[in-house]
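Reading through the structure tokens given below for one structure.
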Amino acid sequence: MDIAVSIYIFLILAVQPFYNTNGYAQIGTDKGRFYIGVLYLMAPVCTGLLLLLFIGRTKLQRLSLTDMAALAFAAAVGVSYMFSDYKKEALWGTRGWFVGTLPLLGMLYFYFLISRYYERLNLTAYVFLPASLAVYIWAIINRMGHYPEFLKPASGFISTIGNTNWFAGYITATYFVGAGLLYAYMTMPVQRGKKRSRPAIILLAIYTVIGAVALYMQGSDSGRVAGIAVCLLLIWHMLKESQSHKRYAKLVPISVAVLLFVLFCAALINTLSGGIYTEGTDNVYISQTFLLNDKWASSRGATWSIALQIFAAQPPLHKLFGLGADCFSMYLYDNGSAALLEH
């Protein structure tokens, strides 16, 4: 089982980030199809090995809170598919995205395999860290105006991941794992007579610095906000673990809550007054942040407005379980009003 799961981890962490067949032209579709191919290849193999492991074994591991949350999510995905009006789309997902029922259940399936039967989890870092570091370096080089021949410059695309927002999601999901490893390695107790490995500290520090530069340069504001949030979380954790500064730990969540409340009140007052407090500014960030309309947060205001209207129109069952995995756009184009489509 270890070898099969190791192959899956290598394909997802080290190959998929770089996989494409035609540059940026259909890079999201390529990666979606790649993952489906991995599921076709590895799921039957791992299932066969799992059945062999179960032969003669009746004792099951106790479910953790994370396990129960994963099972609840799997049940919700299944119910959503059963009552979906778009079963063809819901099975694998909308063309070009492929985040349907089977891909989601496949991710959960491998979560349980890795958490229970994979005994080389520490080796994952040797695959994950170099691959993600290469993606970060590629992004920095792109932001300096250099692109390889097979990935020609395209507006809004970066590195080998694709859209800037996709890259923001990738780096916020991966970078802080490496930074967290550095923090954990520097703070964990050391056995008497042993020292921390200096090469390991240097390599993790290099990873952390390069990742921070890529996070700053990548171009997505949501990525920067996520980065700030995780940094605050790390500061809070360090203060909480420190005996001399433990009393200051409560200041972090309180300060963040007060700041968010003040920003929300400012945006609400400006919106209710018709935007008179920001109409004279040339700063796009200020005008979009403090005016809650369709253009808010790079037009996410329009997206959320449409989503809320569609949600409000659904019966209780679909309100709870959705329209089928990755089928929101199908409903919009099939049942959305002309006003919503123009919106």
Side-chain angles (χ1 to χ4, degrees), residues 4-5 7-47 70-114 127-128 131-132 135 150-151 154 156-174 220 222-223 300 303 306-307 310 318 321-336:
V5 175
I7 293 172
Y8 172 84
I9 289 173
F10 177 79
L11 291 172
I12 297 303
L13 296 183
V15 179
Q16 188 174 25
F18 302 97
Y19 180 79
N20 69 87
T21 61
N22 190 26
Y24 289 133
Q26 53 182 32
I27 196 167
T29 302
D30 288 342
K31 294 184 187 298
R33 286 175 173 164
F34 179 86
Y35 182 71
I36 289 173
V38 172
L39 287 183
Y40 271 126
L41 174 67
M42 300 309 304
V45 174
C46 291
T47 301
L71 289 174
F73 179 69
V77 170
V79 173
S80 182
Y81 176 77
M82 286 191 327
F83 292 98
S84 175
D85 295 327
Y86 310 98
K87 287 187 170 58
K88 183 179 177 180
E89 292 287 336
L91 188 63
W92 290 105
T94 300
R95 183 178 177 82
W97 296 102
F98 302 113
V99 193
T101 303
L102 292 182
L104 290 175
L105 293 179
M107 293 176 194
L108 293 170
Y109 177 64
F110 278 97
Y111 156 74
F112 279 103
L113 285 183
I114 292 169
V127 175
F128 161 73
S132 57
V135 173
F150 63 92
L151 278 178
F157 287 79
I158 186 174
S159 190
T160 60
I161 302 301
N163 182 283
T164 306
N165 289 321
W166 305 345
F167 180 81
Y170 175 85
I171 192 170
T172 50
T174 56
S220 171
S222 56
R300 285 179 177 83
T303 305
I306 293 170
I310 291 177
H318 287 314
F321 297 103
L323 299 159
D326 209 11
C327 290
F328 196 83
S329 61
M330 289 293 298
Y331 177 88
L332 175 62
Y333 289 114
D334 282 358
N335 301 282

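Heavy-atom basis, side chains included; hydrogens, waters and symmetry copies ignored.
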Original post:
Which atoms form the tightest heavy-atom contact between Leu13 and Ala131, and what is the distance?
Top reply: O-CB, 3.4 Å

Original post:
Are the side chains of Ile12 and Phe110 in touch, meaning some heavy atoms are under 4.5 Å apart?
Top reply: no

Original post:
Taking all non-hydrogen atoms of both residues, which atom of Leu323 and which atom of Tyr86 are closest, and how far apart?
Top reply: O-CD1, 4.1 Å

Original post:
How are the rings of Phe34 and Tyr19 set to each other: parallel, tilted or perpendicular (split at 30° and 60°)?
Top reply: tilted

Original post:
Any side-chain heavy atom of Leu102 sitting closer than 4.5 Å to one from Leu39?
Top reply: no

Subject >> Atom pair CZ (Phe328) and CD1 (Ile310), whose distance is rounded to the nearest 0.5 Å >> reply: 3.5 Å

Original post:
Do other residues, nucleotides or ligands put more than 12 heavy atoms under 6.0 Å from the CH2 atom of Trp97?
Top reply: no

Subject >> Euclidean distance, Arg95 CZ relative to Ser329 OG, rounded to 0.5 Å >> reply: 13.5 Å

Subject >> Shortest non-hydrogen contact between Val45 and Leu41, atoms and distance >> reply: CG2-O, 3.4 Å

Subject >> CG-OG1 distance between Asn20 and Thr160, expressed to the nearest 0.5 angstrom >> reply: 8.0 Å

Give the table of side-chain donor-acceptor pairs shorter than 3.5 Å for residues 73-81, with sequence neighbours excluded, one pair per line with atom names and distance.
| from | atom 1 | to | atom 2 | distance (Å) |
| --- | --- | --- | --- | --- |
| Ser80 | OG | Phe321 | O | 2.7 |
| Ser80 | OG | Gly324 | N | 2.9 |

Original post:
If you look at every heavy atom in Glu89 and Thr94, which pair is closest and at what distance?
Top reply: OE1-CA, 3.2 Å

Subject >> Thr47 and Tyr109: side chain donor to acceptor below 3.5 Å >> reply: yes

Original post:
Quick one: does Val135's side chain get under 4.5 Å of Phe18's, heavy atoms only?
Top reply: yes

Original post:
Going from CG on Leu91 to CG on Leu105, what distance comes out if it is rounded to the nearest 0.5 angstrom?
Top reply: 9.5 Å

**OP:** Using the side-chain hydrogen bond (donor to acceptor under 3.5 Å, both in side chains) rule, collect all pairs that involve residues 29-40, keeping only residues at least two apart or in two chains.
**Re:** Tyr8-Tyr35, Thr21-Asp30, Gln26-Asp30

Original post:
Can you tell me if Thr101 uses its side chain to pair, donor with acceptor, with the backbone of Ala325 under 3.5 Å?
Top reply: no

Subject >> Shortest non-hydrogen contact from Ile158 toward Phe167 >> reply: CG2-CB, 3.5 Å

Subject >> Nearest heavy-atom neighbours spanning Gly96 and Phe98 >> reply: N-CE1, 3.6 Å

Original post:
Under a 4.5 Å cut-off applied to non-hydrogen side-chain atoms, are Ile161 and Pro17 in contact?
Top reply: yes

**OP:** Answer yes or no: are there more than 12 heavy-atom neighbours, outside Lys88 itself, under 6.0 Å from its atom NZ?
**Re:** no

Subject >> Spacing of OH belonging to Tyr331 relative to CG belonging to Asp85, to within rounding of 0.5 Å >> reply: 9.5 Å

